[in-house]
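A quick write-up on the structure given underneath.
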Amino acid sequence: MELEKFNAPFKGRSLLTWIDYTPEEILKFLEIAENVKAQAKNNETHLRFLGKTIALIFEKRSTRTRCSFETAFGEEGGHPVFLSTQDIQLGGKETIEDTARVLGRMFSAIEFRGFSQKHVEILSKYSGIPVINGLTDEFHPTQALADILTLKETFGTLKGLKLVYCGDGRNNVARSTMIICSKLGIDFGIFSPKELFPDQEIIDICKPFAEKSGAKIEISDDISIVKGANAVYTDVWISMGEEALKDERTKLLAPYQVNQNLMDKTENPNAIFLHCLPAVKGEEVTADVIEGKQSKVWDQAENRKHTIKAIMLALI
Ligand code: CP
Ligand code: NVA
């Protein structure tokens, strides 16, 4: 495949949230991901990260994100360095600004998974190299691109689709999905209890994107919101760092579980089920739905790797 397919007009930028990217730019990332995936299916090998290094900072656990970054970068000849907070002086003995400046002298890029969006912003500001947000309390942008790729592969198109996210409407995945859907013209619904409706701030950010793209944003605690959905999406009820809220959340979210009854309420037999994973079967989703015919979660997980490779190719 020709090299120009991978030339993105945004080399050197960071990906902290999709708010900073135009719909055209997001579609360029998607196109690169489609090409990267086709190459992988074709058993092509490339060394596009030869001589490059990436620091992978993880304050929180990860299976998919870490493995995607590490394998996608390494198999292209790059050297990923995994750094948990047990290993580095990030915000402990040393300020984040200082760690950022030092990493910026040694690496080609940084991936950060942690608690604070502020910290990923500081890393980007002070390191002088591209920083990729691998999940914070507020956003999970690399996940959102994999989800969009999964929708595109399933339906062949994005504009005009309807995706309904069920469960904790305030979390990082819900927020990032709202951003990417509103930018790309995908109708976006949240089915959650009022207590977990998304903040007005994120709705105000997304509204102008939706007006421009033609997407609708709807938020409701009434199950009829799933009617006509092409995709039903859920995530864990208790995100990393919120373990103390387990009892309260489980009670609050039980009626918002994705089960076959909810899937049937879409009145769309072709609706798919999505989950960023890891999943707690029996809580946010029943085993029959996640293991069933409508589930695309394993494709979605695989797409993390292709889209993360695409993001790194585009930015580094
Ligand atoms: N979806 C996701 O980010 O998975 P991990 O927490 O395993 O990285
Ligand atoms: N909302 C979840 C996503 C995990 C990928 C969390 O933050 O734990």
Side-chain angles (χ1 to χ4, degrees), residues 15-18 33 54 56-73 80 82-85 110-117 119-120 132-151 163 165-180 190-193 196-199 202 231-246 248-250 252-253 256-258 273-281 283-285 290 295-312:
L15 172 59
L16 306 183
T17 104
W18 289 115
I54 186 166
L56 305 178
I57 305 174
F58 283 81
E59 291 179 343
K60 293 178 175 175
R61 285 172 189 265
S62 169
T63 299
R64 281 142 287 268
T65 310
R66 176 185 175 177
C67 295
S68 296
F69 273 98
E70 212 161 316
T71 59
F73 202 70
F82 177 76
L83 299 163
S84 79
T85 35
I110 298 171
E111 178 277 352
F112 174 82
R113 165 171 289 201
F115 295 89
S116 163
Q117 183 69 14
H119 290 176
V120 79
I132 302 167
N133 179 357
L135 179 147
T136 60
D137 290 346
E138 290 180 55
F139 300 107
H140 196 4
T142 63
Q143 178 69 51
L145 190 67
D147 304 340
I148 294 303
L149 177 59
T150 312
L151 288 175
L163 180 150
Y165 176 95
C166 305
D168 176 9
R170 305 175 73 89
N171 81 9
N172 40 19
V173 171
R175 293 161 55 91
S176 285
T177 315
M178 187 191 294
I179 295 165
I180 208 156
I190 288 193
F191 173 48
S192 78
L196 294 174
F197 276 4
D199 290 332
I202 190 76
V232 171
Y233 196 141
T234 193
D235 182 14
V236 287
W237 287 346
I238 300 116
S239 286
M240 290 180 275
E242 296 185 325
E243 290 73 12
L245 300 172
K246 184 168 172 45
E248 176 191 323
R249 277 286 168 80
T250 310
L252 198 57
L253 283 168
Y256 300 84
Q257 180 189 64
V258 177
F273 170 70
L274 297 175
H275 193 312
C276 56
L277 305 179
V280 186
K281 295 175 197 174
E283 289 196 2
E284 73 275 5
V285 61
I290 197 167
S295 174
K296 290 279 177 191
V297 301
W298 314 117
D299 292 332
Q300 198 185 353
E302 178 192 330
N303 284 341
R304 296 299 308 287
K305 178 168 173 175
H306 304 301
T307 46
I308 280 173
K309 186 182 277 190
I311 289 166
M312 294 192 292

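Starting from 1, each residue takes its place in the sequence as its number. Each ligand, and each atom within it, is numbered from 1 in the order the structure gives.
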Got an N/O contact under 3.5 Å between Ser239 and ligand 2?
yes

Any idea which protein heavy atom is nearest atom 7 (O) of ligand 2, and the distance to it?
Asn172 ND2, 2.9 Å

Charged N to carboxylate O under 4.0 angstrom, Arg249 versus Glu283?
no

Not counting sequence neighbours, which residues clear side chain to side chain donor-acceptor pair (under 3.5 Å) with His140? List them please.
none

Taking heavy atoms and a distance under 4.0 Å, where does Leu135 meet ligand 2: side chain, backbone, both or neither?
side chain

With a 3.5 Å cut-off and no angle check, do the side chains of Gln300 and Asp147 form a donor-acceptor pair?
yes

Side-chain touch Asp168/Trp237, heavy atoms, less than 4.5 angstrom
no

Kindly give the heavy-atom pair with the smallest separation between Leu163 and Leu151, and that separation in Å.
CD1-CD1, 4.1 Å

Just heavy atoms, cut-off under 4.0 Å: does Leu277 contact ligand 2 by side chain, backbone, both, or neither?
backbone

Between Met240 and ligand 2, is there a nitrogen or oxygen pair with a distance under 3.5 Å?
yes

Closest to atom 1 (N) of ligand 2 by heavy-atom distance, out of Thr136, Asp235, Thr63, is Asp235

Tell me which one of Gln117, Arg113, Lys60 satisfies side-chain hydrogen bond (donor to acceptor under 3.5 Å, both in side chains) with Thr136.
Gln117

For ligand 1, the residues whose heavy atoms come within less than 4.0 Å (ordered by chain, then number):
Ser62, Thr63, Arg64, Thr65, Arg113, His140, Gln143, Cys276, Leu277, Arg304

Is there a side-chain contact between Val173 and Tyr233, using heavy atoms and a 4.5 Å cut-off?
yes

Ligand 2 N/O within reach of Lys60 N/O, cut-off under 3.5 Å:
no

The residue among Lys296, Lys281, Glu284 that forms side-chain hydrogen bond (donor to acceptor under 3.5 Å, both in side chains) with His275 is Glu284

Between Arg170 and Phe197, is there a donor-acceptor pair closer than 3.5 Å when you use the side chain of the first and the backbone of the second?
yes

